[in-house]
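Note that these values count all heavy atoms, side chains included, but never hydrogens, waters or copies made by symmetry. The residues of the chain are indexed from 1 along the displayed sequence.
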Amino acid sequence: MPTHSAVQSVIDRIEERSRETRADYLDKIEAMRRRGKRDGHLSCGNLAHAYAAAPAGDKLRLRTAGKSLGIVTSYNDMLSAHAPYEDVPKLLRDAARKVGAVAQVAGGTPAMCDGVTQGQDGMELSLFSRDVIAMATAIALTHDTFDAALCLGVCDKIVPGLFIGAASFGHLPILFVPAGPMTSGLPNKEKARIRGLYAEGKIGRAELLEGEMASYHSQGTCTFYGTANSNQMMMEVMGFHLPGAAFVNPNTPLREALTRAAATHVLGMEDFGMAEMTSAATFTNAIVGLHATGGSTNHTLHIIAMARAAGYLVTWEDFSDLSDVTPLLARVYPNGAADVNHFHAAGGMAFVISELRKEGLLSDDCMTAMGKGLADYGKEPFLKDGELVWRDGPDRSLNEDILRPITNPFQHQGGLKLLTGNLGKSVIKSSAVAPEHRIVEAPAIVFHDQDEFLARFKAGDLDRDFVAVVRFQGPAANGMPELHKLSPQLGLLQDRGHKVALVTDGRMSGASGKTPAAIHVTPEALHEGPIARIQDGDIIRLDAEAGTLEAKVDDLMSRPPVAGGTNSHDGVGRELFGGLRAAVSRADEGACTLF
């Protein structure tokens with residue numbers, strides 16, 4: 001199927017605006033490629049240090065031109081999503097040895113959990129951790145002894161950070177190895193009900209903790225469709241996974257087989273590296289996949305930064321134009337009741353990719369782990385007599401309450417929407433919001449932090465129609481924390497029949513609640529954007545249908561901006577990140593400190 005004309009138009013304009021930056025990137029990668037194999041530019045002393053810790057058999061392989069596979073891992077045993085990686089290097093070493101190669105852990109990256117830091121001061125380091133991970137990835141691979149690499153990461157900032165760091169080594173074949181989601185626990189509707197009861201004071205912390213632990217109960221990613229699982233969708237639709245690898249549960253025979261196969265496969269990718277696997281089509285495919293599945297709003301930041309790492313300039317307008325032609329095919333919590341295991345069982349990524357390719361919404365003008373195009377990503381992995389095989393994925397959804405064909409989508413436009421108006425630019429996860437709640441016009445109530453909002457809610461001062469304007473939460477102000485601490489209260493007020501919405505220069509991510517939230521407002525308050533000029537009582541209109549966010553104020557920009565905010569930059573390591581806060585780009589430029 002030829003590429004859809006609207007998608008091709010976005011691809012063409014990304015290519016055009018990126019002509020110089022992409023050429024510069026490719027020149028740098030070609031210079032790396034000309035350096036040749038490790039024994040061509042590393043001294044004997046360099047090589048001896050690189051081989052010193054290897055077992056005797058691996059030393060021999062390395063000395064006699066055996067291939068070297070570098071592993072960059074985000075393993076830790078505290079976090080459910082990354083704990084499954086503990087034994088993965090052993091599997092990869094064994095798989096590499098069977099094809100005469102050597103696999104070594106080149107380095108590790110941090111992996112923090114937004115669930116643990118949610119509503120806490122540590123959340124202010126979350127977004128910046130992406131760029132720290134990118135630098136850690138570069139440090140791991142900078143030993144420059146490798147013929148290929150595998151990146152082990154799952155959650156929010158980890159996969160984009162690994163990708164950004166790996167892009168500097170685009171001469172190498174590089175694939176990503178997912179760990180998979182935890183098995184299904186407490187149903188998402190029940191989890192939301194328990195949170196609502198706690199917000200009303202009808203149950204205590206013991207009951208709340210019991211419900212939360214029944215939801216997040218074992219190894220693997222959280223099963224809602226937040227940033228972690230959006231990452232896995234994205235890597236699959238970009239061709240950086242083996243087909244069907246995204247949503248296989250950890251610690252299963254199929255997951256082990258896919259992990260081993262990643263090692264042997266990447267070692268056999270001799271004709272192209274990561275540079276060839278990144279194109280304008282690669283990034284438009286990522287955006288289309290995001291829209292079609294109702295994925296995380298965090299990727300309106302991450303995809304821009306990832307593309308920039310490969311020399312491409314992607315904009316929110318590209319997201320918006322692709323949303324206009326991409327139908328929503330999936331409803332996974334918070335966009336519906338199902339979790340990612342249900343999505344996978346209903347047809348999962350193989351079905352989504354096949355359906356989007358039917359209409360040319362995914363471009364095959366890209367290189368993937370399997371070669372040219374995405375045809376192989378319409379297949380699913382299975383074990384046959386203990387051997388890993390792929391066969392065609394389902395040609396119909398097994399549950400149309402979760403997954404729909406392209407001829408009968410949940411909605412005809414994507415799950416994310418760009419909002420523009422006199423408050424600047426922002427994004428909203430419209431797929432999480434019921435149609436009757438997508439337009440809110442109400443007076444503003446201004447807050448400078450989450451705790452101020454929560455205190456007024458507890459005092460009973462917010463039982464009315466209003467738009468909560470929570471500012472000084474942008475990347476330069478305090479690292480752009482997520483504001484999920486507000487979701488239960490906003491949802492409760494909406495359930496009481498009030499017209500409520502959130503407008504913020506902070507984040508809400510893929511777990512956005514059912515209340516309309518205009519997030520990533522740019523320019524941010526610290527940069528004297530229009531949001532810094534809003535006053536209590538100003539009428540704000542958020543229209544997710546029309547794609548507008550307006551303050552109905554004639555003299556808005558003639559007002560002086562409010563200064564400051566209440567942010568502290570001390571404690572839990574925040575004092576170490578002042579340089580990043582000073583260097584970070586705007587949200588619509590990826591909120592990145594590296595470019």
Between Phe595 and the options Ile164, Ile304, Asp131, the side chain to side chain contact (heavy atoms under 4.5 Å, CB included) test singles out Ile164
How close do Ile303 and Ala286 get, counting heavy atoms only, and between which atoms?
CD1-CB, 4.0 Å
Presence of salt bridge, Asp318 and Arg17, under 4.0 angstrom
yes
What closest approach, in Å, do Leu242 and Trp390 show between heavy atoms, and which atom pair accounts for it?
CB-CZ2, 4.2 Å
Please find out if less than 6.0 Å separates the ring center of Phe169 from that of Phe146.
no
Check against side-chain hydrogen bond (donor to acceptor under 3.5 Å, both in side chains), Asn298 and Glu482
CA-CA 10 Å; Asn298 275 330; Glu482 293 181 358; 3.2 Å; yes
If you measure from the Lys or Arg side-chain nitrogens to the Asp or Glu carboxylate oxygens, is any gap between Arg33 and Glu30 under 4.0 Å?
yes
Look at Glu124 together with Arg581 and state whether they make a salt bridge at an N to O cut-off of under 4.0 Å.
no
Under 4.0 Å between a side-chain nitrogen and a carboxylate oxygen: does that hold for Lys98 and Asp94?
yes
Would you check if the side chain of Ser323 reaches a backbone N or O of Phe319 as a donor-acceptor pair within less than 3.5 Å?
no
Are more than 12 heavy atoms, taken from residues, nucleotides or ligands other than Asp144, located less than 6.0 Å from that residue's CG atom?
yes
Side chain of His299, backbone of Leu290: donor and acceptor closer than 3.5 Å?
no
Should the pair His82 and Tyr85 be assigned to parallel (<30°), tilted (30 to 60°) or perpendicular (>60°) ring geometry?
tilted
Would you call the rings of Phe176 and Phe240 parallel, tilted or perpendicular, taking 30° and 60° as the class edges?
perpendicular
Worked check of side-chain hydrogen bond (donor to acceptor under 3.5 Å, both in side chains) between Asp12 and Ser9:
CA-CA 5 Å; Asp12 291 344; Ser9 177; over 6 Å; no
Pair Lys157, Ser126: side-chain N/O donor-acceptor within cut-off below 3.5 Å:
yes
Residues Asp156 and Arg130 bridged, charged N to O under 4.0 Å
no
Shortest non-hydrogen separation from Ala262 to Val177 and the atoms involved
CB-CG2, 3.9 Å
Considering only NZ, NE, NH1 and NH2 on the basic side and carboxylate oxygens on the acidic side, decide whether Asp58 and Arg61 come within less than 4.0 Å.
yes
NE2 of His143: more than 12 outside heavy atoms within 6.0 angstrom?
no
Ala111 and Asn76 have their tightest heavy-atom pair at O-ND2, 3.2 Å
